[in-house]
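Nothing here was measured: the structure is a model prediction, and the numbers come from that model. Sequence lines set the chain letters: A, B, ... in the order given, protein chains first and strands last, and positions in each chain run from 1.
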2 protein chains.
Amino acid sequence: MSSHDTTQTKILDAAEFLFAERGFAETSLRTITGRAKVNLASVNYHFGSKKSLIQAVFDRFLQDFTQQLSVRLEQLEQEPANELKAETLLAALIDPLLSLNTKRPNAVSIFMRLLGRAYAETQGHLRRYVTERYGHVLVRFTLLFQKGYPELTNDQIFWRLHYMLGSLIFTLAGSDALRQISEADFNRSLEVKDVIEEMVPFLAAGMKA
Amino acid sequence: MSSHDTTQTKILDAAEFLFAERGFAETSLRTITGRAKVNLASVNYHFGSKKSLIQAVFDRFLQDFTQQLSVRLEQLEQEPANELKAETLLAALIDPLLSLNTKRPNAVSIFMRLLGRAYAETQGHLRRYVTERYGHVLVRFTLLFQKGYPELTNDQIFWRLHYMLGSLIFTLAGSDALRQISEADFNRSLEVKDVIEEMVPFLAAGMKA
DNA sequence: CACCAAATAAAACACTTGTTTGAAACATAC
DNA sequence: GTATGTTTCAAACAAGTGTTTTATTTGGTG
């Protein structure tokens, strides 16, 4: 049996869609297994618990994403400081992100909505899990910005990175709905790629303020 | 009995805190009435349902906020276009926001976390309710930006406004946790006001890109 | 004081939730 | 082909949910 249409993959596919659509608490295991067309008990059999299933959904995205991001960061870490401009650094973040869409349709939007929800879970286990497991790439990313913008203090960098993350996650998480509004109002079609490219000059200008 | 410590107010206070802290679905009526020290049935008696309670929590914030914002917008709508710069327009949004903190401590952070959760509820009733009821102020706000930045296309304005909202909500919603990190790393104390003031140049520069 | 509507209280209701159980079906190796 | 370990399935479980019901208490009015 190929790695698609295994029970585990069917569960993950259904779960990530529904979690992004409705949220974690609002999505029951019965809804997930119903959509995945598998037995209810198979979630606990294969993943142990709902909590672990949520983490598994994130792992599948983050392993893929951080691996690609890490390659880009290695290249950039050997560049001189004057090459580390916001546009370049953002590209290192955005390219791996967009490549998710080549494997599964709408993956970027789903991933961003999941991140938004994980971020909202201020006190929950999920935020801790994600930062503990994938926080080191964010640190490397921060260091590159510090190197590229020595005229900014470290906490200016810290905060501006969060401004950028906010714009990215917020916009892309709602991009499906927003794209529909925009397309209706302004009568042109937009892809996720277009939305992001429109955003880069905005963020880069802010970084240079 | 003063308008504080009525049963309704005690419920609203407990609910808004817990909703912001844990989320809507993750907060049970028993937790709310337990914290508020009132009887379980009083929520349904005074508000009708949990759904209506959630809307009431938002109404209390939004009525206060949009009323102050509306006054500022009226003033700005009489200004000439060359006075409508990003810093000015952002101030019209931020001042009413900060004034929430004068009435209840941490109100800004709670309000922003609630907004973040409402925004995440992409398909839910809440987003529809908020936009239908308070969407017109956002429209007025958009029109002012279009007037102040005639060199930008309408959909550039549309998207950049969302970038700004993303930064604002994302940063302020997590500002409690982020402030702690920042204060520990850089050894200086930060107020919500400081976080926002640090943000304005970033956003304004992006607007002029 | 008696009366009545409004508010509070305790208990029960119907329902959904995540998880566990034990048997059946399946696959793999000897 | 039988035995063994893995996976699927239907059913049940205990716990927690929002809501309703039924009494009881409260506070003001005649």
Side-chain angles (χ1 to χ4, degrees), chain A residues 1-60 114 117-118 120-121 123-126 129, chain B residues 1-60 114 117-118 120-121 123-126 129:
Chain A
M1 199 186 305
S2 86
S3 84
H4 300 75
D5 71 0
T6 66
T7 302
Q8 313 203 23
T9 319
K10 285 195 281 185
I11 293 175
L12 284 174
D13 287 341
E16 79 173 24
F17 175 84
L18 291 165
F19 285 154
E21 197 79 4
R22 321 181 179 184
F24 305 114
E26 295 86 349
T27 305
S28 73
L29 294 184
R30 284 169 178 79
T31 313
I32 294 173
T33 54
R35 182 184 169 92
K37 295 194 175 69
V38 299
N39 188 269
L40 167 62
S42 57
V43 170
N44 290 280
Y45 178 78
H46 286 288
F47 296 95
S49 67
K50 184 181 182 181
K51 203 185 265 190
S52 306
L53 171 62
I54 297 175
Q55 294 180 348
V57 167
F58 271 89
D59 274 334
R60 195 167 63 152
L114 288 176
R117 293 192 185 281
E121 275 230 341
Q123 64 150 18
H125 64 106
L126 195 52
Y129 179 80
Chain B
M1 199 187 307
S2 88
S3 84
H4 299 75
D5 69 4
T6 65
T7 301
Q8 312 202 22
T9 320
K10 284 194 284 185
I11 292 174
L12 284 174
D13 287 341
E16 79 173 24
F17 175 84
L18 291 165
F19 285 155
E21 197 77 4
R22 318 182 180 185
F24 304 113
E26 294 86 348
T27 305
S28 73
L29 294 184
R30 285 167 178 80
T31 313
I32 294 173
T33 54
R35 183 184 168 93
K37 295 193 175 70
V38 300
N39 189 271
L40 167 63
S42 57
V43 170
N44 290 281
Y45 178 77
H46 286 289
F47 296 95
S49 67
K50 184 181 182 180
K51 203 184 263 191
S52 306
L53 171 63
I54 297 175
Q55 293 181 348
V57 167
F58 271 89
D59 275 333
R60 194 167 63 152
L114 288 175
R117 294 192 185 281
E121 275 230 341
Q123 65 150 16
H125 65 107
L126 195 51
Y129 179 80

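- Residue Thr31(B) is out of contact with every strand shown, counting any heavy-atom pair closer than 4.0 Å.
- Between Ser28(A) and dT17(C) there is a side-chain N or O to OP1 or OP2 distance below 4.0 Å.
- Thr33(B) comes within 4.0 angstrom of no nucleic acid atom, judged by non-hydrogen atoms across all strands.
- The CG atom of Leu29(B) sits 17 Å away from the P atom of dT16(C) (whole-angstrom rounding).
- For dA6(C), neither phosphate oxygen OP1 nor OP2 lies less than 4.0 angstrom from any side-chain nitrogen or oxygen of His46(B).
- Arg117(A) places a side-chain N or O within donor-acceptor distance of the main-chain N or O of Ala20(A), the cut-off being under 3.5 Å.
- Between the CG atom of Asn44(A) and the P atom of dA10(D) there is a distance of 16 Å, given to the nearest Å.
- Distance Lys10(A) NZ to dT7(D) C1': 12 Å, rounded to the nearest Å.
- Position along DNA chain D of the nearest nucleotide to Arg30(A) versus Asn39(A) favours Asn39(A) as the more 5'-ward residue.
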Tell me, with the steps shown, if Asp59(A) and Tyr129(A) meet side chain to side chain contact (heavy atoms under 4.5 Å, CB included).
CA-CA 10 Å; Asp59(A) 274 334; Tyr129(A) 179 80; 2.6 Å; yes

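- Asp5(B) has no carboxylate O lying under 4.0 Å from a charged side-chain N of Lys37(B), or vice versa, which leaves the two without a salt bridge.
- Each of Thr27(B) and Tyr45(A) lies near DNA chain D, and the nucleotide nearest Tyr45(A) is the one positioned closer to the 5' end.
- A straight line from CG of Leu53(B) to C1' of dT19(D) spans 14 Å, rounded to a whole angstrom.
- In this structure, the NZ atom of Lys51(B) is 15 Å from the C1' atom of dT17(D), given to the nearest Å.
- Tested against Thr33(A), the residues Asn39(A), Thr7(A), Val43(A) include a single side chain to side chain contact (heavy atoms under 4.5 Å, CB included) partner, Val43(A).
- One interatomic measurement links the two molecules: CD of Glu26(A) to P of dT17(D), which rounds to 14 Å at whole-angstrom precision.
- With dT19(D), dA9(C), dG18(C) as the choices, the nucleotide that has an atom nearest any side-chain atom of Lys50(A) turns out to be dG18(C).
- Of the side-chain N and O atoms in Thr7(B), one or more sit less than 4.0 angstrom from OP1 or OP2 of dT8(C).
- Contact record, Lys50(B) with Thr27(B): NZ-O, 2.8 Å, taken as the closest heavy-atom pair.
- Per the geometry, CG belonging to Leu40(A) stands 18 Å off P belonging to dT7(D), to the nearest Å.
- The CD1-C1' distance, from Ile32(B) to dT17(D), rounds to 12 Å in whole Å.
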